[in-house]
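Heads up, the thing below is written out as structure tokens.
In this chain, residues are counted from 1 in sequence order. Ligands are counted one by one from 1 in listed order, and the atoms in each one are counted from 1 as well.
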Amino acid sequence: MRLPRDTDLGNLAGVLLPLADAQAHVLDRVAPLPPVRTPTMAALGCVLAEDVTSTEDVPPFANTAMDGYAVWAADTAGAAAATPVVLPVVAEVAAGHPATAALAPQQAMRIFTGAPMPAGADAVVMVEHTERLDGGERVALHAAVRPGEAVRSAGDDLRAGDHVFGPGETITPGHLGVLSGLGVADVVVHPRPRVGVLSTGDELVEPGRPVAPGQIRDSNRAALLALVATNGWQAVDLGLVRDDEAAIEAAVVDGAERCDAILTSGGVSMGDIDLVKVVLDRIGDLRWMQIAIRPAKPFAFGTVGERATPVFGLPGNPVSSLVSFELLARPALRGMAGHSQLHRPEVAATAAEPFPRQPDGKVHYVRVVAERDPDGALRVRSAGGQGSHHLTAMARAHGLATIPDGGGVAAGDPVRLLLLAEV
Ligand code: AMP
Ligand code: MG
């Protein structure tokens, strides 16, 4: 087998590509998945691809915002703590139980939050400003109210015909509440990408199997499948394949048919048995990159099959594969899911300790834990070992501190922080 030279694979050996160029290459080759109609309750986290217009008023009828007494506001004129207005209580109305008769002037109705306003009544005196008299036969009102007080009018939130949501909006729990409140049973959204995850390497052992000398357990597949799932996408386990060109090709071709995108790990660095890039070069339009970052320098990307399924060839080192996912695969998959905000939020933080480094032409992404000062400012310190095999520190990290090429950062210096978790 002729192993391709680095130049064949789309990158000059030793020439490091800026991360932004690598991201642009990938993002240029993916597109939002075509929209589909889906049940509203299955659309949480999906990106809307249509306008939603209200067909109803919300709320559908005027109702009380408070527990209290429904009245004609004019009847309460002059009521005060020491000089109550006393009215007969003619009925009680609760949510789901509308009044059967209108309220006449000089009368009150006991009313509970959410109950429809009785015809005639135009305000509610909150219960805190009232006093039950004669076992509830009459009420003393200790405050005057203006028309409309404590009343939520029909259509106060949305009117029939209002534009509610539009394309590009991510469906949050709040959106689901609004859509359910409007009786919208289905919506047109970009579907969740089906993302296949494949591990490669002769040294890897399936979970639950004994580990022979020289073998290690597969950690990347579990982590990448979980990342796909936590992003709201459909994770497809494509298994574990040996360092065998035909086996890798078969798995990638199969995955390209079943999935919208594939994540592989391993087999993309400079070594002789880095077969993922060899396969992608033969069956796809490989671009192999050496990116000016640490960790996650090697990265291969290609599109495969009739549907030009994107294949993200992530490096094998566990930290590198996850960092590569965050910086290169996740933004592209978010684009496929229809999002316009593709990248993790980047925020300002302060180094709580020095982050020394040597110049090497790369931006270092240091795994850090963050904590907030009493004034809310973020301070970061190392999450632990910074080798590309130190997965524990990655697991603990709240984010990646960006340490630019050069001599490092001193304690107290500002640093940029790519947030991976809530702090
Ligand atoms: P590679 O990129 O295939 O040369 O792998 C680089 C390093 O990552 C080697 O130490 C591999 O054993 C390790 N590695 C590759 N794939 C995995 C995996 N799925 N889980 C854990 N470690 C891996
Ligand atoms: Mg390998």
Side-chain angles (χ1 to χ4, degrees), residues 1 3-4 6 9-11 13 16-17 22 195-229 235-252 255 259 261-282 286-291 293-302 311-329 362 365 367 384-397:
M1 175 187 62
L3 281 170
D6 299 333
L9 296 171
N11 208 42
L16 298 179
L17 192 68
V195 184
V197 178
L198 178 69
S199 287
T200 71
D202 282 347
E203 74 281 31
L204 300 176
V205 178
E206 289 281 4
R209 292 278 178 88
V211 180
Q215 294 187 318
I216 59 168
R217 295 197 175 88
D218 177 2
S219 50
N220 294 353
R221 195 153 38 115
L224 291 168
L225 286 166
L227 276 169
V228 170
V236 180
D237 188 351
L238 298 178
L240 167 58
V241 288
R242 303 279 140 225
D243 286 316
D244 174 85
E245 203 176 320
I248 294 173
E249 176 177 341
V252 168
C259 303
I262 300 175
L263 307 172
T264 67
S265 71
V268 295
S269 52
M270 291 272 272
D272 282 354
I273 46 174
D274 289 320
L275 294 172
V276 169
K277 60 185 184 183
V278 174
V279 167
L280 287 185
D281 190 39
R282 200 158 42 68
L286 171 81
R287 172 88 188 265
W288 181 60
M289 307 171 207
Q290 298 246 72
I291 306 174
I293 57 175
R294 181 176 155 186
K297 181 175 73 164
F299 174 66
F301 179 81
V311 181
F312 300 85
L314 310 179
N317 278 304
V319 175
S320 304
S321 77
L322 301 193
V323 169
S324 192
F325 173 88
E326 292 293 346
L327 298 178
L328 293 147
K362 298 177 207 154
Y365 286 90
R367 281 70 74 200
Q386 294 294 329
S388 58
H389 61 297
H390 286 136
L391 191 52
T392 316
M394 180 70 186
R396 274 194 209 112

- For V211 and Q215, which heavy atoms make the closest approach, and how far apart are they? CG1-O, 3.1 Å
- Item | L238 to L198 - nearest heavy-atom pair and separation |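 Scanning both residues, the minimum pair turns out to be O-CD1, 3.4 Å.
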- Query: Out of T264, L224, V268, which one pairs with L314 under the side-chain contact (heavy atoms from CB on, under 4.5 Å) rule?
  - Reply: L224
- Item | Among L286, L263, L280, the one residue meeting side-chain contact (heavy atoms from CB on, under 4.5 Å) with V311 |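 It is L280; the other options fail the test.
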When you measure from [atom] to every protein heavy atom, which one gives the shortest distance, and what is it?
atom                    : answer
atom 17 (C) of ligand 1 : N220 ND2, 3.3 Å
atom 23 (C) of ligand 1 : G316 O, 3.4 Å
atom 22 (N) of ligand 1 : I216 CD1, 3.5 Å
atom 10 (O) of ligand 1 : N317 OD1, 4.0 Å
atom 19 (N) of ligand 1 : D218 OD1, 2.8 Å
atom 9 (C) of ligand 1  : E203 OE2, 4.1 Å

- Task: Could you tell me if any non-hydrogen atom of G267 lies under 4.0 Å from any atom of ligand 1?
- Result: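 Checking ligand 1 against G267, which is what was asked, there is a heavy-atom contact under 4.0 Å.
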- Query: Does even one non-hydrogen atom of D274 get within less than 4.0 Å of ligand 1?
  - Reply: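 Flag set, D274 near ligand 1.
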Using modelled atom types and a 3.5 Å cut-off, is there a donor and acceptor pairing between side-chain atoms of [X] and backbone atoms of [Y]?
X    : Y    : answer
R217 : P207 : no
N317 : S320 : no
D243 : G267 : no

- Query: Does an N or O from S219, backbone or side chain, lie closer than 3.5 Å to an N or O of ligand 1?
  - Reply: yes
- Task: Examine the proximity of ligand 1 to S269 and report which part, side chain or backbone, both or neither, has a heavy atom under 4.0 Å away.
- Result: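 Near ligand 1, S269 shows its side chain, while the N, CA, C and O stay back.
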